[in-house]
Amino acid sequence: MPELPEVETIRRTLAPLLCGATVLTALRGEHPDDILLDPWPTFARHVRGRQIITLERRGKYLAFRFSDERRLLIHLGMTGELQLSQPDSPLPRHCHIALVLRSPHPLPATVIDRRGRFVLRYRDTRRFGRIGLLTPEDWAALSQRLGPEPLDPELDAPTFWQQLVHRHTRIKAALLNQSLIAGVGNIYADEALFQAGIHPLRRCDTLTLSEAERLLSALRSVLTAAIESRGTTIRDYRDAQGRTGRYQFQLQIYGQQANTPCPRCRTPLERMRVGGRSSTACPRCQPLLCTV
DNA sequence: AACCGGACCTGTATGC
DNA sequence: TGCATACAGGTCCGGT
């Protein structure tokens, strides 16, 4: 579910509530060891008493940075969800871990109890997500194996093009590869390729610099608009306050069935499998000049 | 090394 | 209605 815009929306939603908050204790849910990088007792012991300084995002990873530079790392996988709730409310189904916190900031009255405590819980139906405590070195290593942030102004089109042009793989698979560009998933890859007029099956080593410029620019435009719309809710995605996104109403082709008319030229759209994921493209707006 | 397909999970939609 | 199958926003691993 969550790609860069969804994770960024969650970060922005939680930051004003969690910065300065202290973790009082961790609550054990259904299958914590499926989600945690460390065994439950280790995790519970080490997270207790820590104060959150800031919330960071790198690609699709969210991190709570503590005062000693250690971080609580959260990846939401496919169906991961963070929810604010009252401390005494029972943990819902598929809730694996919850943190009891106290914050110096005013919180919605619906989540805070008389003693100023509230709970942040992690739910994940499919359990593809991961949570763990990282040392500063772990965090640096994680960040290093990820590609650049697409919205980082330091990233320029020639650098992006250089990353792609030596590869034999298809452009859609490359966009999903987090070590080439961080944070892009199936929805925004399809949308950006459509906006850039590049076919998902196009081989990376046939892309011109000007096509890479168009693609980077399309990625930025799609991701920025999606953040402004607070993400895309197809089914499960909610921010930490339970609100859906609105970008699903602006999607051009993601999820469209084969033969649906292209929103730009009315040519029947095609569906295909790329990089193990289903993809939609317009054969006219995204001409395939060179296949495998 | 780079690349691809399958595995990991559960829930839901679709078809017979 | 009941059952089987396909598919879903992600990543990792093993084989080629």
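The figures that follow rest on heavy atoms only: side chains count, while hydrogens, waters and symmetry mates do not. Residue numbers begin at 1 in each chain, while the letters A, B, ... track the order of the sequences.
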Chemist: Could you tell me how far apart A/Lys172 (NZ) and B/dC4 (C1') are, to the nearest whole angstrom?
Modeler: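 Rounded to the whole Å, the gap is 15 Å.
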Chemist: Judged by modelled atom types alone, do A/Ser210 and A/Arg214 share a side-chain donor-acceptor pair under 3.5 Å?
Modeler: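 Looking only at side-chain atoms, A/Arg214 and A/Ser210 do not form any donor-acceptor pair under 3.5 Å.
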Chemist: Do A/Arg202 and A/Glu211 sit within salt-bridge range, that is, some charged N less than 4.0 Å from a carboxylate O?
Modeler: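 Salt bridge flag = yes for A/Glu211 with A/Arg202.
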Chemist: For A/Leu164 and B/dC3, give me the distance from atom CG to atom P, rounded to whole Å.
Modeler: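 For the pair A/Leu164 CG and B/dC3 P, the rounded distance is 11 Å.
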Chemist: Taking only heavy atoms on the protein side, list every residue of residues 227-237 of chain A lying under 4.0 Å from any atom of DNA chain C, sorted numerically.
Modeler: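 Listed by number, they are A/Thr232, A/Thr233, A/Ile234, A/Arg235, A/Asp236, A/Tyr237.
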Chemist: May I ask you to list the residues of residues 127-141 of chain A, by number, that have any heavy atom positioned under 4.0 Å from an atom of DNA chain B?
Modeler: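 Correct list: A/Arg127, A/Phe128.
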Chemist: List the atom pairs, donor and acceptor, that lie under 3.5 Å between side-chain atoms in residues 257-268 of chain A and the rest of the protein, sequence neighbours left out.
Modeler:
residue, atom, partner, partner atom, Å
A/Thr260, OG1, A/Gln257, O, 2.7

Chemist: Identify, residue by residue, the members of residues 174-197 of chain A with a heavy atom below 4.0 Å from DNA chain B, and return them in order of residue number, or none.
Modeler: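 Under 4.0 Å from DNA chain B: no residue of residues 174-197 of chain A.
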Chemist: About how many Å separate CZ of A/Phe194 and CG of A/Leu251, when rounded to the nearest 0.5 Å?
Modeler: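 Reported value, rounded in 0.5 Å steps: 11.5 Å.
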Chemist: Do A/Arg11 and A/Glu56 meet the salt-bridge criterion of a basic N to acidic O distance under 4.0 Å?
Modeler: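 The answer is no: the pair does not qualify as a salt bridge.
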Chemist: Run the ring-ring contact (aromatic ring centres under 6.0 Å, His included) test against A/Tyr61 and tell me which residues pass, sequence neighbours left out.
Modeler: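 A/Tyr61 satisfies ring-ring contact (aromatic ring centres under 6.0 Å, His included) with A/His75 once adjacent residues are dropped.
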Chemist: Taking CD from A/Glu30 and C1' from B/dC9, how many angstroms apart are they, rounded to a whole number?
Modeler: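 About 13 Å, once rounded to whole Å.
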Chemist: To check you understand the geometry: which heavy-atom pair defines the closest contact between A/Thr280 and A/Gln256, and what is its length?
Modeler: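 Heavy atoms only, the tightest pair is OG1-O, 3.3 Å.
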Chemist: Treat a base pair as Watson-Crick or G-U wobble with both distances under 3.5 Å, then lay out DNA chain C in dot-bracket form, 5' to 3', with | for cross-strand pairs.
Modeler: .|||||||.|||||||
Chemist: Using atom C1' in both nucleotides, what's the gap between B/dG6 and C/dA6 to the nearest angstrom?
Modeler: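 Approximately 16 Å lies between the C1' atom of B/dG6 and that of C/dA6.
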Chemist: Heavy atoms of chain A, cut-off under 4.0 Å: which first and last nucleotide of DNA chain C, 5' to 3', fall inside that, if you could look?
Modeler: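 So the outermost contacting nucleotides come out as C/dA8 to C/dC12.
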Chemist: For A/His168 and B/dC4, is the shortest distance between a side-chain N/O and OP1 or OP2 below 4.0 Å?
Modeler: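 No, outside the criterion.
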Chemist: Taking atom P in both B/dC9 and C/dC3, compute the distance separating them and give it to the nearest angstrom.
Modeler: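 About 25 Å, rounded to a whole number of Å.
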Chemist: Please give the distance between the P atoms of B/dG11 and C/dC12 as a whole number of Å.
Modeler: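 Looking at atom P only, B/dG11 and C/dC12 are 24 Å apart.
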Chemist: Between A/Ser229 and A/Gln250, is any side-chain donor less than 3.5 angstrom from a side-chain acceptor?
Modeler: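 Side chains of A/Ser229 and A/Gln250: pair found under 3.5 Å.
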Chemist: Cut-off 3.5 Å, no hydrogens considered: what does the side-chain donor-acceptor table look like for residues 149-157 of chain A, sequence neighbours left out?
Modeler:
residue, atom, partner, partner atom, Å
A/Glu149, OE1, A/Arg57, NH1, 2.9
A/Glu149, OE1, A/Arg57, NH2, 3.1
A/Glu149, OE2, A/Arg58, NH1, 2.9
A/Glu149, OE2, A/Gly59, N, 2.6
A/Asp152, OD1, A/Glu154, N, 2.8
A/Asp156, OD1, A/Thr159, N, 3.0
A/Asp156, OD1, A/Thr159, OG1, 2.4

Chemist: Is the shortest side-chain N/O distance from A/Thr125 to OP1 or OP2 of B/dC9 below 4.0 Å?
Modeler: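 Checking A/Thr125 against B/dC9: no side-chain N or O falls below 4.0 Å of OP1 or OP2.
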Chemist: Between A/Ala182 and A/Leu4, which heavy-atom pair has the shortest distance, and what is it?
Modeler: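 Where A/Ala182 meets A/Leu4 most closely, the heavy atoms are O-CD1, 3.7 Å.
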Chemist: Do any side-chain nitrogens or oxygens of A/Arg167 fall under 4.0 Å of OP1 or OP2 in B/dC3?
Modeler: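 The answer is yes; a side-chain N or O of A/Arg167 sits under 4.0 Å from OP1 or OP2.
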Chemist: Going by number, which of residues 248-262 of chain A have a non-hydrogen atom under 4.0 Å from DNA chain C?
Modeler: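 Within residues 248-262 of chain A, the residues near DNA chain C are A/Tyr254.
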Chemist: Could you pull out all residues at least two apart from A/Arg167 that satisfy salt bridge (Lys or Arg N to Asp or Glu O under 4.0 Å)?
Modeler: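 Salt bridge (Lys or Arg N to Asp or Glu O under 4.0 Å) list for A/Arg167, sorted by chain: empty.
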Chemist: Measure the distance from CZ on A/Arg203 to C1' on B/dC3 and round it to the nearest whole Å.
Modeler: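 Rounding to the nearest Å, CZ of A/Arg203 and C1' of B/dC3 are 12 Å apart.
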Chemist: Check the distance between B/dC4's P and A/Arg273's CZ and give it to me in whole angstrom.
Modeler: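 Taking CZ of A/Arg273 and P of B/dC4, I get 14 Å after rounding.
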Chemist: Is a side-chain donor-acceptor pair under 3.5 Å present for A/Tyr247 with A/Glu6?
Modeler: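 There is no such pair (donor and acceptor under 3.5 Å, judged by atom type) between the side chains of A/Glu6 and A/Tyr247.
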Chemist: Quick one: do the A/Tyr122 and A/Asp124 side chains pair a donor with an acceptor below 3.5 Å?
Modeler: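 Checked: A/Tyr122/A/Asp124 side chains pair up, N/O donor to acceptor below 3.5 Å.
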Chemist: For the residue pair A/Glu191 and A/Val222, what are the closest heavy atoms and their distance?
Modeler: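 In terms of heavy atoms, the two residues are closest at CB-CG1, 4.0 Å.
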Chemist: Nearest-Å distance, NE2 (A/His75) to P (B/dC9)?
Modeler: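 Whole-Å distance recorded here is 17 Å.
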Chemist: Got a sec, which residues hit ring-ring contact (aromatic ring centres under 6.0 Å, His included) with A/His96, two or more places apart in sequence or on another chain?
Modeler: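 If we apply the ring-ring contact (aromatic ring centres under 6.0 Å, His included) test to A/His96, skipping adjacent residues, there are no hits.
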Chemist: When all nucleic acid strands are considered with a 4.0 Å heavy-atom cut-off, which category describes A/Arg145: base, sugar-phosphate, or nothing?
Modeler: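 Answer is sugar-phosphate: A/Arg145 comes under 4.0 Å of backbone atoms only.
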Chemist: Who pairs with A/Arg273 by side-chain contact (heavy atoms from CB on, under 4.5 Å), at least two apart in sequence or on another chain?
Modeler: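 Scan of A/Arg273 (side-chain contact (heavy atoms from CB on, under 4.5 Å), adjacent residues dropped) gives A/Ser278.
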Chemist: Going by side chain to side chain donor-acceptor pair (under 3.5 Å), A/His199 matches just one of A/Glu270, A/Arg170, A/Lys172. Which one?
Modeler: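 With A/His199 as partner, side chain to side chain donor-acceptor pair (under 3.5 Å) holds for just one option, A/Glu270.
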Chemist: Do A/Arg48 and A/Thr25 have side-chain atoms, one donor and one acceptor, less than 3.5 Å apart?
Modeler: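 Distance-only check passes for A/Arg48 and A/Thr25.
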Chemist: Identify the heavy atoms of A/Gln178 and A/Val184 that sit nearest to each other, and give their distance.
Modeler: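 Looks like NE2-O, 3.0 Å.
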